[in-house]
Amino acid sequence: QLQLVESGGGLVQSGGSLRLSCVGSGASLGFYAIGWFRQAPGKEREGVSCVSASGGSTNYADSVKGRFTISRDSTKNTVYLQMNSLKPEDTAVYYCAARRGLCELLYEYDYWGQGTQVTVSS
């Protein structure tokens, strides 16, 4: 059974950077497309970015294009989300998730982590 654990969240000033990590255990992340999602208080969950199982394909929400970069390190069974030029509207709980199949932000994901809080102050 695949398990996912996120880390790297925290409090940062507007314009700052954070790198989130999603570590897999119980199975290789190389079999899965991995997505990052976020949910702010009172708002619906939003797909942020995803990377295909091979790492050759990525998708980004328009709101983060040019600022966020997703990558994977198969040697560490980890997927990263590098977040630069952070804005207060990026404040949310960030979750990583895994699915077999295509990297698509609107598809169902089968495995979810517990989330990590990102807070961007103005």
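This chain uses plain numbering: 1 for the first residue, then up along the sequence. Everything quoted here is computed from the prediction, not taken from an experiment.
- Here the shortest heavy-atom pairing between E108 and R99 reads O-NE, 2.8 Å.
- Checking each of Y95, Y94, Y109 against F37 for a ring-ring contact (aromatic ring centres under 6.0 Å, His included) leaves exactly one that passes, namely Y109.
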Working note: W36 + I70, criterion side-chain contact (heavy atoms from CB on, under 4.5 Å); need CA distance, chi angles, decisive distance, verdict. CA-CA 9 Å; W36 283 97; I70 192 169; 3.6 Å; yes

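- Counting heavy atoms from C-beta outward, L18 and N84 have side chains that stay 4.5 Å or more apart.
- Between V48 and F68, some side-chain heavy-atom pair lies under the 4.5 Å cut-off.
- The two atoms that bring S14 and S122 nearest to each other are CB-CA, 4.2 Å, heavy atoms only.
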Trace of the side-chain contact (heavy atoms from CB on, under 4.5 Å) decision for D110 with Y32: CA-CA 10 Å; D110 302 309; Y32 300 90; 5.8 Å; no

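- Put simply, the side chain of V79 does not reach to within 4.5 Å of the side chain of L81, judged on heavy atoms.
- Using a 4.5 Å cut-off on side-chain heavy atoms (C-beta onward), Y80 and L20 make no contact.
- Of the possible donor and acceptor atoms, none in the side chain of S54 sits under 3.5 Å from a partner among the backbone N and O of S52.
- Scanning both residues, M83 and L86, for their nearest heavy atoms gives CB-CD2, 3.8 Å.
- Pairing each heavy atom of S57 with each of C103, the nearest pair is O-SG, 4.3 Å.
- Shown here for G115 and V93, the closest heavy-atom pair between the two residues is CA-CG1, 3.9 Å.
- Looking at E6, its side chain does come within 3.5 Å of a backbone N or O of C96 through a donor-acceptor pair.
- Under the 4.5 Å side-chain criterion, counting only non-hydrogen atoms from C-beta, Q1 is in contact with Y111.
- Between the OG atom in S17 and the CD atom in Q82 there is a gap of 5.5 Å [rounded to 0.5 Å].
- Within the 3.5 Å criterion, the main-chain N or O of N59 finds a donor-acceptor partner in the side chain of S49.
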Derivation of the salt bridge (Lys or Arg N to Asp or Glu O under 4.0 Å) call for K65 and D62: CA-CA 5 Å; K65 280 181 181 177; D62 287 343; 3.1 Å; yes

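- No side-chain donor-acceptor contact under 3.5 Å links T116 to the backbone of S7.
- In this structure the side chain of R72 reaches within 4.5 angstrom of the side chain of L29, judged on heavy atoms.
- With T91 contributing its side chain and V120 its backbone, the two residues share a donor-acceptor pair below 3.5 Å.
- Side-chain contact between Q3 and V23 is absent, with no heavy atoms from C-beta onward closer than 4.5 Å.
- When atom types are taken as modelled, the side chain of R45 and the backbone of R38 share no donor-acceptor pair closer than 3.5 angstrom.
- Here the closest heavy-atom approach between residue A98 and residue L4 is recorded as N-CD1, 3.8 Å.
- Cluster membership for L2 and F31, using ILVMFWY side-chain heavy atoms within less than 4.5 angstrom, is shared.
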Apply side-chain contact (heavy atoms from CB on, under 4.5 Å) to K76 and S21, showing your working. CA-CA 11 Å; K76 296 182 179 180; S21 299; over 6 Å; no

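- Checked by atom type and distance alone, the side chain of N77 never pairs as donor or acceptor with a backbone atom of S74 at under 3.5 Å.
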